[in-house]
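Taking it in order: structure first as structure tokens, then the write-up.
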Amino acid sequence: MKVLYNDGHVDECPAEEELHVIRHSAAHIMAQAIKRLYPEADFAYGPATDNGFYYDVDLGDKKISEEDFPAIEAEMKKICKENLKFTVFEKSREEAVALMEERGEKYKVEHIGDLADDARITFYQQGEYIDMCVGPHLCYTKALKAFKLTGTSGAYWKGDKDNKMLTRINGVAFATKEELEEHLHMIEEAKKRDHRKIGREMDLFMMRDEAPGFPFFLPNGMILKNTLLDYWREIHHKAGYVEISTPLIMNKQLWKTSGHWDHYKDNMYSTVIDDEEYCIKPMNCPGGVLVYASKPHSYRELPIRAGEIGLVHRHELRGALHGLFRVRCFNQDDAHLFVRPDQLTDEIVGVVNLIDSVYQKFGFKYHVELSTRPDDSMGSDEDWERAEEGLKTALNELGMDYEVNEGDGAFYGPKIDFHLEDSLGRTWQCGTVQLDFQMPINFNLEYTDADGTKKRPIMLHRVCFGSVERFIGILIEHYAGKFPTWLAPVQVDVLPVSEKSRDYAHQVADKLDAAGIRVKVDDRDEKIGYKIREARSIDRVPYMLILGEKEVEAGNISVRDRSGETVQRSVDEFIADITAEISERRS
RNA sequence: GCCCGUGUAGCUCAGUAGGUAGAGCACUUCGUUGGUAACGAAGAGGUCACCGGUUCGAAUCCGGUCGCGGGCUCCA
């Protein structure tokens, strides 16, 4: 595919960049269409995205909603059909400002002001539409063949909540109509995996208007949660962790000492007890610190790795709430490590490896970010530099790829974040390792070193799942509710064909139950096809036992797995196999 | 918190021009004893999110509140 670069030359585009160019050009063509239909439209940023593009636009008093999409798409198609030629030209800063002012593009004028002094300022033009852009772009509008507008939303100018909110119009674009159709179909399929939908169908959890952002876990969801925590306890015990539990409510003075009151109070719930102010913990660390500080420590004891499944409450903005992914109370699979400086890198590496092993267990794709010092932070520059260096050293030692997320660290220290994908490809922060010099200072934590002097330990905060609730949401979408047997709330559904095999079904189920298998009997007065349908599409059980007169007579069972394959087996054989599958936590 | 959209039975959704509500599934009962993705019939179930306004009359129109959805901001 030939594209137009911003120095004016036309060249073959590297294959891996083609879609990006198509999508970016689609944004320009959409802007042109909108400008034709809404002359007052003032455009801000309009980049390509993973599957498409968007343009942020200020429409003054006018509004664009999805109802207007057919008209905009029709105009875009018309522009494509006109087969306008893309051209490019460069301007000096003054000329650029003059051009954009003349065309009433105030956001572009502001953007020019933000560009580096030596930046080349180039403009792409197709037909009457001119846009400041570094390109490259398609050569002709006809080269855009497959696109669709997908929605509108609000977006702050330059991503700053103190700025004006613009209208963002999103679209998707592909090289061919077939790929576009395939993508739209994929999105439809992905929506069926939504954890909110599956959570309801499988009776895992529920939300109520009476408690927005505070999930209710139902019996099936509790099995899932507890099974995950059993796994967590096992691997943490092996990795040398101990477990503690600290109070949900602690007095306000503690949160002042920790720094939470100064840096996090907008997110904290509080209450009054005996006329004194108390806070509901938004994080577990101060509790963990009090446990450490409760007695003297020797250098020989370190590192101390104290785990805590801690329920935290945070006042999240209601517009941010999202199923189990963003809630107002959640369990962190937390741990605080108190380490000597010479142990730091090894401990970070150990934590990162532990998190990686958990994600591999479930087959998750993830990416890593190193988040650095935020504006609102505590502590000295030197400590922050040391801390950021410490995390980088560990990541480099592991040979791990990571992005740097400037200014996104915790107020007490920088962090390594692990981001997992949901069914629609949105990413959510789950695991994190945070390095903290501040909390040990604020609480005057010490250990006695080999030479008898008092030293300050370094503190690591870390989670693997992150939020157990969020992790469960990701798991539900990852497996589309078809959990591996060890996690499945119902592992075996026993389906008698008729009343004649009902007693036998209960006998078999009792035997499985005695072997510790999570089993259910569907002895309703329904036909076998109906029961199978429900067991696979609603309960999503790994195994069904189909028991009719044939099995009663033979004294065996028919085992139907998720693929629909059915085999005749003895009950004992089946119990032996499924027990092994569960205890090995096979995926 | 901000922008847009939205809120009718447990779930998925109809409800045309304002005249106090419907379907399918689920549920209950009865019949049916059925062999690998929906057996038949009957019944029960809703102050149409909430508050206020317009109107002789509001699920329907208007305002506010709350919830939910897609984003932004923020975050595990």
Side-chain angles (χ1 to χ4, degrees), chain A residues 54 56 59 63-67 150-170 191 194 196-197 200-201 203 206-213 264 266-267 282-284 310 312 314-334 371 374 408 410 415 417-420 424 426 428-432 434 461-471 473-474 495-502 524-538 544-551 558-560 564-566:
Chain A
Y54 66 78
D56 289 345
L59 292 152
K63 277 200 297 199
I64 288 183
S65 70
E66 299 197 16
E67 288 169 27
T150 53
T152 63
S153 66
Y156 298 109
W157 165 233
K158 292 189 200 169
D160 186 334
K161 68 178 187 316
D162 296 325
N163 285 341
K164 181 168 186 183
M165 180 155 272
L166 309 171
T167 303
R168 175 167 297 180
I169 300 166
N170 293 285
K191 283 182 184 161
D194 191 311
R196 294 165 294 193
K197 177 175 180 289
R200 191 164 45 233
E201 289 173 357
D203 284 329
M206 65 176 198
M207 292 296 192
R208 296 238 88 207
D209 290 356
E210 289 86 341
Y264 209 72
D266 290 347
N267 286 54
M283 298 187 195
N284 301 300
V312 298
R314 299 180 182 178
H315 181 70
E316 300 296 341
L317 296 174
R318 54 200 179 142
L321 301 177
H322 186 113
L324 289 181
F325 288 157
R326 192 69 181 278
V327 290
R328 285 178 171 152
C329 81
F330 56 99
N331 286 279
Q332 288 185 306
D333 63 318
D334 218 338
S371 297
D408 212 31
K415 52 185 191 170
D417 298 325
F418 294 76
H419 295 253
L420 296 176
L424 287 169
R426 295 175 290 211
W428 299 86
Q429 186 186 319
C430 290
T432 149
Q434 309 178 353
H461 310 241
R462 48 111 284 176
V463 286
C464 291
F465 299 146
S467 141
V468 177
E469 286 73 5
R470 176 178 285 183
F471 196 79
I474 299 271
L495 313 180
V497 173
S498 76
E499 217 165 65
K500 291 173 189 150
S501 50
R502 183 189 270 181
R524 289 177 301 173
D525 186 12
E526 296 289 351
K527 294 178 114 170
I528 192 67
Y530 178 92
K531 295 181 189 181
I532 288 171
R533 182 173 190 275
E534 197 153 292
R536 49 170 288 147
S537 60
I538 306 294
M544 292 174 224
L545 304 188
I546 317 292
L547 304 182
E549 290 178 271
K550 209 166 68 188
E551 286 77 13
S558 288
V559 182
R560 188 194 209 272
E565 197 182 319
T566 308

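Here is the naming used below: chain letters follow the sequence lines, and residue numbers restart at 1 for every chain.
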| said: Counting the atoms with a prime plus P, OP1 and OP2 as sugar-phosphate, which does A/I528 contact under 4.0 Å by heavy atoms, base, sugar-phosphate, or nothing? | reply: sugar-phosphate
| said: Ignoring hydrogens and geometry beyond distance, is the side chain of A/Y156 in donor-acceptor contact with the base of B/G71 at under 3.5 Å? | reply: no
| said: Using a 4.0 Å heavy-atom cut-off, does A/E210 contact any base of the nucleic acid, only the sugar-phosphate backbone, or nothing at all? | reply: nothing
| Paired nucleotide for B/G5 [Watson-Crick or G-U wobble; both distances under 3.5 Å] | B/C68
| note | Out of B/G35, B/G34, B/U73, minimum distance to the side chain of A/K161 belongs to B/U73
| request: Measure from the ring centre of A/F330 to the centre of the six-membered ring in the base of B/A76, then say whether that distance is under 5.5 Å and the planes meet at under 30°. | output: yes
| Of all the choices, B/G71, B/U33, B/A76, which nucleotide is nearest to the side chain of A/E499 once you look at every atom? | B/U33
| Charged N-O contact under 4.0 Å between A/R533 and A/E526 | no
| field | Selection from B/G1, B/U36, B/G34 that lies nearest to any side-chain heavy atom of A/S558 | value | B/U36
| request: Could you check whether A/Y530 gets within reach of a base, just the sugar-phosphate, or nothing at all, counting any heavy atom under 4.0 Å? | output: sugar-phosphate
| query | Counting just side-chain N and O atoms, does A/R200 come under 4.0 Å of either OP1 or OP2 of B/A26? | reply | no
| task | Both distances under 3.5 Å, Watson-Crick or G-U wobble: report the partner of B/G18, or none. | result | none
| request: Provide the Watson-Crick or G-U wobble partner of B/C74, both distances under 3.5 Å; none if there is no partner. | output: none
| Options B/G69, B/G34, B/G1, nucleotide nearest the side-chain atoms of A/K500 | B/G34
| message | So A/R502, base contact, sugar-phosphate only, or nothing? Heavy-atom distance under 4.0 Å. | response | nothing
| said: Partner lookup for B/U54, please. Criteria are Watson-Crick or G-U wobble with both distances under 3.5 angstrom; report none if nothing qualifies. | reply: none
| remark: Taking every heavy atom of A/G473 against every heavy atom of A/L324, the minimum-distance pair comes out as N-CD1, 4.2 Å
| request: Can you tell me, in whole Å, how much space there is between the C1' of B/G18 and that of B/U54? | output: 11 Å
| message | Between B/G10 and B/C3, how far apart are the two P atoms, rounded to whole Å? | response | 32 Å
| query | Taking the P atom of each, how far is B/C11 from B/G64, in whole Å? | reply | 28 Å
| message | When the C1' atoms of B/U16 and B/G22 are compared, how many Å lie between them, rounded to an integer? | response | 13 Å
| query | Contact class for A/G154 (heavy atom, under 4.0 Å): base, sugar-phosphate, or nothing? | reply | base
| request: Return no unless some side-chain N or O of A/K415 is found under 4.0 Å from OP1 or OP2 of B/A76. | output: yes
| Does a nitrogen or oxygen in the side chain of A/H322 sit under 4.0 Å from OP1 or OP2 of B/G70? | yes
| query | Closest heavy-atom contact between A/N170 and A/S153? | reply | ND2-OG, 4.0 Å
| query | What is the base-pairing partner of B/G24, counting Watson-Crick and G-U wobble geometry with both distances under 3.5 Å? | reply | B/C11
| Between the side-chain atoms of A/D525 and the base atoms of B/G34, is any donor-acceptor pair under 3.5 Å? | yes
| query | Would A/Q434 and A/T432 count as having a side-chain donor-acceptor pair, cut-off 3.5 Å? | reply | yes
| Nearest heavy atoms of A/F471 and A/L420, plus distance in Å | CE1-CD1, 3.9 Å
| Between B/G71, B/U33, B/A76, which nucleotide has the shortest distance from any of its atoms to the side chain of A/S153? | B/G71
| said: What's A/R524 touching, base or sugar-phosphate or nothing? Going by heavy atoms closer than 4.0 Å. | reply: sugar-phosphate
| message | What contact category does A/G319 fall into here, base, sugar-phosphate, or nothing, at under 4.0 angstrom with non-hydrogen atoms? | response | base
| Out of B/C74, B/U36, B/G70, which has the shortest distance to the side chain of A/I532? | B/U36
| query | Can you find a side chain N or O atom of A/R318 that sits less than 4.0 Å from OP1 or OP2 on B/C66? | reply | yes
| query | With respect to the side chain of A/R314, which nucleotide from B/C75, B/U36, B/G71 is positioned closest? | reply | B/C75
| query | Charged N to carboxylate O under 4.0 angstrom, A/E316 versus A/R314? | reply | no
| Pair assignment for B/U47, Watson-Crick or G-U wobble, requiring both distances under 3.5 Å | none
| query | From B/U36, B/U33, B/A76, pick the nucleotide closest to the side chain of A/R560? | reply | B/U36
| query | With a 4.0 Å cut-off on heavy atoms, is A/V463 in touch with a base, just the backbone sugar-phosphate, or nothing at all? | reply | nothing
| said: Could you check whether A/R196 pairs with A/D194 (Lys NZ or Arg NE/NH1/NH2 to Asp/Glu carboxylate O, under 4.0 Å)? | reply: yes
| With sugar-phosphate meaning primed atoms plus P, OP1 and OP2, does A/V312 contact a base, only sugar-phosphate, or nothing at under 4.0 Å between heavy atoms? | nothing
| said: Which heavy atom of A/S558 sits nearest to which heavy atom of A/E551, and what is that distance? | reply: OG-OE2, 2.6 Å
| query | Contact class for A/K63 (heavy atom, under 4.0 Å): base, sugar-phosphate, or nothing? | reply | sugar-phosphate
| query | Which nucleotide sits closest to the side chain of A/E551: B/C4, B/G35, B/G70? | reply | B/G35
| Of the nucleotides B/A38, B/U73, B/A76, which one has an atom closest to the side chain of A/R533? | B/A38
| said: Using a 4.0 Å heavy-atom cut-off, does A/E526 contact any base of the nucleic acid, only the sugar-phosphate backbone, or nothing at all? | reply: base
| Side chain A/E66 and base B/G70 donor-acceptor under 3.5 Å | no
| request: Name the nucleic acid region contacted by A/E549, choosing base, sugar-phosphate or nothing; use a 4.0 angstrom heavy-atom cut-off, strictly under. | output: base
| remark: Heavy atoms of A/L317 and A/R328 approach each other most closely as C-NH2, 3.9 Å
| A/R208 side chain N/O closer than 4.0 Å to the phosphate oxygens (OP1, OP2) of B/C68? | no
| message | Under 4.0 Å, heavy atoms only, any strand: does A/N170 hit a base, just the sugar-phosphate, or nothing? | response | nothing
| message | Students often get this wrong, so: under 4.0 angstrom with heavy atoms, is A/R470 touching a base, only sugar-phosphate, or nothing? | response | base
| task | Using both distances under 3.5 Å as the test, list the Watson-Crick or G-U wobble partner of B/G31, or none. | result | B/C39
